[in-house]
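Below is one structure; the comments refer to it alone.
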2 protein chains.
Amino acid sequence: MIAKENIRPGGRSARVQSSVHKAVRELLKEMDRSDLTIPLVATRAGVTPSTIYRRWGDLQELLGDVAVERLQPDGEPLDTGTGRSDLRAWVEQFVDEMSSAPGRALVRDVLATPDATNAGKCCSFTKQQLAIIAKRAEARGEPFADVDVLMDYVVAPIMYRILFDDVPAPAHYHALIDVVMPEQPQRTGLQVAAAVGSAAR
Amino acid sequence: MIAKENIRPGGRSARVQSSVHKAVRELLKEMDRSDLTIPLVATRAGVTPSTIYRRWGDLQELLGDVAVERLQPDGEPLDTGTGRSDLRAWVEQFVDEMSSAPGRALVRDVLATPDATNAGKCCSFTKQQLAIIAKRAEARGEPFADVDVLMDYVVAPIMYRILFDDVPAPAHYHALIDVVMPEQPQRTGLQVAAAVGSAAR
DNA sequence: CGCTAAAAGCAAATATTTTGCGTTAAGCCA
DNA sequence: TGGCTTAACGCAAAATATTTGCTTTTAGCG
């Protein structure tokens with residue numbers, strides 16, 4: 001990737017970047033992504049195609065760049081009173097966003113980028129959101145699952161299903177949450193895992 | 001996607017398909033994927049570019065098509081005596097394959113395809129392999145985890161990390177297996193989850 | 001305020017993708 | 001088997017997209 005945010009951030013360069021991003025976002029709403037071309041984006045952004053080629057290389061890189069920006073969370077997770085319900089609310093919104101047609105397209109664009117930094121950023125966004133919820137829970141003195149555990153046992157199954165299989169049903173992701181944050185923490189891992197298994201079908 | 005396996009499978013059409021696939025595989029070994037073009041593939045395959053455009057649409061579809069084929073498992077999982085060790089062996093191989101540079105590229109190619117059938121196939125391949133291991137274990141009278149549980153709690157975390165984060169370490173994926181198939185099934189889900197959390201760091 | 005160099009613009013040269021039309025050869029039915 | 005139908009291929013021209021060398025603009029800095 002040629003484009004980095006910290007190279008010549010002021011003035012024209014930044015103006016070009018934002019108008020190109022804006023053009024991509026607009027065009028993506030108006031047309032099929034398979035019909036999107038760099039000359040089209042350039043025209044809409046009021047920029048020469050060669051500028052885009054020089055800065056981003058190809059359409060895939062540009063789309064990846066735009067996608068990461070759009071997947072950036074626009075605020076803190078909702079505070080609903082308890083960590084558990086914060087988590088449930090956040091997961092619900094996460095699934096909705098990621099499983100929608102545009103959401104899936106964004107994720108694909110992020111993953112399609114040859115270098116992995118884009119995907120890494122998305123992962124970080126998610127971890128940060130979960131860390132905020134965890135920190136709030138901790139401040140309230142509530143027990144709360146480790147962020148890495150949540151990534152492995154809640155986020156990963158959801159994303160895997162969205163990407164490779166079918167969109168997970170509410171019953172399913174609720175069950176995923178219940179496993180790592182049971183209301184009565186007495187059941188064994190296997191029993192709970194079995195419960196999730198049945199919810200998955 | 002225009003190309004489907006069951007349309008005119010015999011004769012010339014099949015010959016073209018296989019020579020194009022072969023050309024892609026060969027060229028991918030010889031050059032960077034970003035330098036690969038359809039005219040190049042066409043020349044190598046001894047075919048007109050327009051044939052490829054008409055059949056596959058664009059390079060991404062073609063690469064996705066080739067990738068699915070290459071991700072197809074070439075046999076049954078190794079029989080190592082017990083279900084648990086079969087699973088451990090299979091997971092180890094799975095991680096190695098998927099986390100290698102070419103493996104990651106194949107998965108990205110599969111996901112980059114606009115329609116989701118390619119990704120679905122890969123998911124099915126994995127489920128089938130696990131089902132074989134599960135069936136063997138069952139035949140031996142061993143307890144064994146449900147395939148859906150394995151997908152959520154072993155495969156998904158592994159794939160998520162490979163795609164979005166870092167390649168999971170052996171300690172980590174061993175811990176994932178231990179959660180769904182503990183040697184002593186007494187520990188609670190939370191305790192085990194905590195153990196995985198620490199292994200992840 | 002002037003210098004330096006990174007980034008943008010422009011346009012010509014290349015490379016690719018698309019498309020219309022003729023040709024080949026599977027698949028099918030008598 | 002032999003002819004018929006049509007999907008798939010080949011070819012080449014036209015339309016687009018990409019690359020590249022050179023010029024111009026302008027951000028960053030002394």
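No hydrogens, no waters, no symmetry mates; every other heavy atom, side chains included, goes into these values. By convention in this document, chain letters (A, B, ...) are assigned in the order of the sequence lines, proteins followed by strands, and residues within each chain are numbered from 1.
With respect to the salt-bridge test (charged N to carboxylate O, under 4.0 angstrom), the residues B:Arg70 and B:Glu97 do not qualify. A salt bridge between A:Arg136 and A:Asp79 is present, with a side-chain N of the basic residue lying under 4.0 Å from a carboxylate O of the acidic one. Between B:Arg104 and B:Asp109 no salt bridge is recorded (no basic side-chain N to carboxylate O distance below 4.0 Å). Under a 4.0 Å N-O distance rule, the pair B:Glu92/B:Arg88 does not qualify as a salt bridge. We find that A:Arg55 and A:Asp65 are not joined by a salt bridge, their nearest charged nitrogen and carboxylate oxygen being 4.0 Å or further apart. Ionic pairing of B:Glu30 and B:Arg25 is not present here: no N-O contact between side-chain nitrogen and carboxylate oxygen is shorter than 4.0 angstrom.
The nucleotide whose nearest atom lies closest to any side-chain atom of A:Arg54 is, among C:dA8, D:dT20, D:dC9, D:dT20. Residue B:Arg12 has its side chain nearest to C:dA25 when only C:dA8, C:dG20, C:dA25 are considered. If you check D:dC9, C:dA8, C:dG9 against the side chain of B:Thr51, the one that comes closest is D:dC9.
Within residues 32-50 of chain A, the residues approaching DNA chain C are A:Val47, A:Thr48, A:Ser50, by heavy-atom distance under 4.0 Å.
Looking at residues two or more places apart in sequence or on another chain, you find a ring pair (Phe, Tyr, Trp, His ring centres under 6.0 Å) between A:Phe94 and A:Trp90.
One can place CG of B:Asp58 at 8 Å from P of C:dT18, the figure rounded to the nearest angstrom. In this structure, the CD1 atom of B:Ile52 is 12 Å from the P atom of C:dT16, given to the nearest Å. Taking atom CZ of residue A:Arg55 and atom P of nucleotide C:dG9, one finds them 10 Å apart after rounding to whole Å.
One end of the helix from C:dC1-D:dG30 to C:dA30-D:dT1 points its axis 40° away from the other end's axis, with each axis taken from 5 pairs and the angle rounded to 10°.
Classification of the A:His21-A:Trp56 ring pair by plane angle, with boundaries at 30° and 60°, yields tilted.
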